[in-house]
Amino acid sequence: MRLKSPMASVIFWALSTHSGSAGIAVGGATEWTQILNNLQLVELAGTNMEQVAQNLEQISHQATQIENQLDQYKVMLQNLERLPENIWGNAVGDLNLLQRIVAQGEGIAFSLGGLDDVLAQRFPSYASLETGLNHGHDFSGEYASWSQANRDTIAGTLASAGLTAQQFESESQTLSQLHAQSASASGQMQALQTGHAIASQQVAQIQKLRALIAQQTVMMGTWYQSEQTQSDLAQARRNQFFSATLPALEGRQMQILGR
């Protein structure tokens, strides 16, 4: 009977349930469209890109640490019948952290793809510059491609162990399988090997995501400095001013105006 790896449940649970609950930086298109003020949108976009770059650097470091730690667990397990409960508990913690790293990467790609869509919709100068510099492609599509490639890479690793997403549909199943895997050295080894492979893949995928974000950041900087962008923003300021609601006049003021 083929063993079921807990890493599979961790990863597929993450991919099926990740959300933008941590704010704009890991949110999605819905959050960006809710920002009606174009000036505020541009300001938040710049701040968001800086925050994302910092977050990804931390995520990459964490993925590398997990990769190295799981490798150490594998070496330890080669000389033991199975890992002791306390050490296996640490391994489970690393696998769960890897789950969150995958979810964070997916959330960031989704959010920045949404940002790209909203900027292109609101600013023709942005869309024009983007397609010109990016050979007719937009960053929203690039992020979608990255996300799909990331999912395919993980799915391929899981498939090599005979695993499918349907086996891992809830967090309770994930925890149950993690507990079951601790019963044997072979079960622990498969979980560690699968987790190590996915951690290694995530290090490479995060580097690709960082490169994509760097390209978008440079493009946005070029766009913001352009003459057409300044014209667009000036028009946005005028629209905001003339659409503002004037405060109601009090009785005394009405009398003065009536004289």
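The analysis underlying the following values was restricted to heavy atoms, covering all of them including side chains, and did not include hydrogens, waters or symmetry mates.
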State the CD-CD1 distance between Q104 and I206, to the nearest 0.5 angstrom. 8.5 Å
Check whether the side chains of N150 and Q202 place a donor and an acceptor atom closer than 3.5 Å, and report yes or no. yes
Could you tell me which residues satisfy side-chain contact (heavy atoms from CB on, under 4.5 Å) with Q207, sequence neighbours excluded, listed by chain and number? S60, R210
Check: A191 main-chain N/O paired with T194 side-chain donor or acceptor under 3.5 Å: no
A199 to A63 - nearest heavy-atom pair and separation: CB-O, 4.1 Å
Where A120 and A127 come nearest, the two heavy atoms and their spacing: O-CB, 3.9 Å
Validation row: W88, R82 side chains within 4.5 angstrom (heavy atoms): no
Looking at residues at least two apart in the chain, or sitting in another chain, which of them share a side-chain contact (heavy atoms from CB on, under 4.5 Å) with T64? N68, V203
Can you tell me how far the OG atom of S145 sits from the CZ atom of F139, to the nearest 0.5 Å? 12.5 Å
Answer yes if the side chains of E106 and S147 hold a donor-acceptor pair under 3.5 Å, and no otherwise. yes
Side chains of D116 and Y126: does their closest heavy-atom pair fall under 4.5 Å? yes
Listed partners of D152 passing side-chain hydrogen bond (donor to acceptor under 3.5 Å, both in side chains), at least two apart: Q148
First locate atom OG of S111, then atom CG of N48, and finally report the distance between them rounded to the nearest 0.5 Å. 5.5 Å
Is it the case that one hydrophobic cluster holds both V92 and L80, taking links as side-chain heavy atoms less than 4.5 Å apart, direct or via other members? yes
I need the H196 NE2 to T157 OG1 distance, nearest 0.5 Å. 12.0 Å
Might you point out which heavy atoms bring K74 and M189 nearest each other, and give the distance in Å? O-CE, 3.7 Å
Would T217 and V52 satisfy side-chain contact (heavy atoms from CB on, under 4.5 Å), going step by step from the backbone distance to the final call? CA-CA 11 Å; T217 301; V52 166; over 6 Å; no
If you define the side chain from C-beta out and look only at heavy atoms, does anything of T153 sit under 4.5 Å from I198? no
Measuring from atom CG of D138 to atom CE of M219, what distance do you get when rounded to the nearest 0.5 angstrom? 9.5 Å
Residues two or more places apart in sequence or in another chain: which of them pass side-chain contact (heavy atoms from CB on, under 4.5 Å) with A45? L115, M220
Rounded distance (nearest 0.5 Å) linking atom CD of Q69 with atom CG of N90: 7.5 Å
Atom of L98, atom of I66 and distance for their closest heavy-atom approach: N-CD1, 3.7 Å
Can you name the closest pair of heavy atoms from A149 and Q205 and give their distance? C-NE2, 4.2 Å
Set of residues satisfying side-chain contact (heavy atoms from CB on, under 4.5 Å) with respect to I87, sequence neighbours excluded: Y73, M76, L83, P84
Listed by chain and number, what are the side-chain hydrogen bond (donor to acceptor under 3.5 Å, both in side chains) partners of Q65, not counting sequence neighbours? H61
Run the numbers on L129 and T222 for side-chain contact (heavy atoms from CB on, under 4.5 Å), then give the verdict. CA-CA 9 Å; L129 179 63; T222 301; 4.1 Å; yes
Should D94 and L70 count as side-chain neighbours, where that means a heavy-atom distance under 4.5 Å? yes
L209 and G105 have their tightest heavy-atom pair at CD2-O, 3.9 Å
So among I213, I108, D117, which one has a side chain to side chain contact (heavy atoms under 4.5 Å, CB included) with Y143? I213
Answer whether the closest heavy-atom distance between the side chains of N96 and R100 falls below 4.5 Å. yes
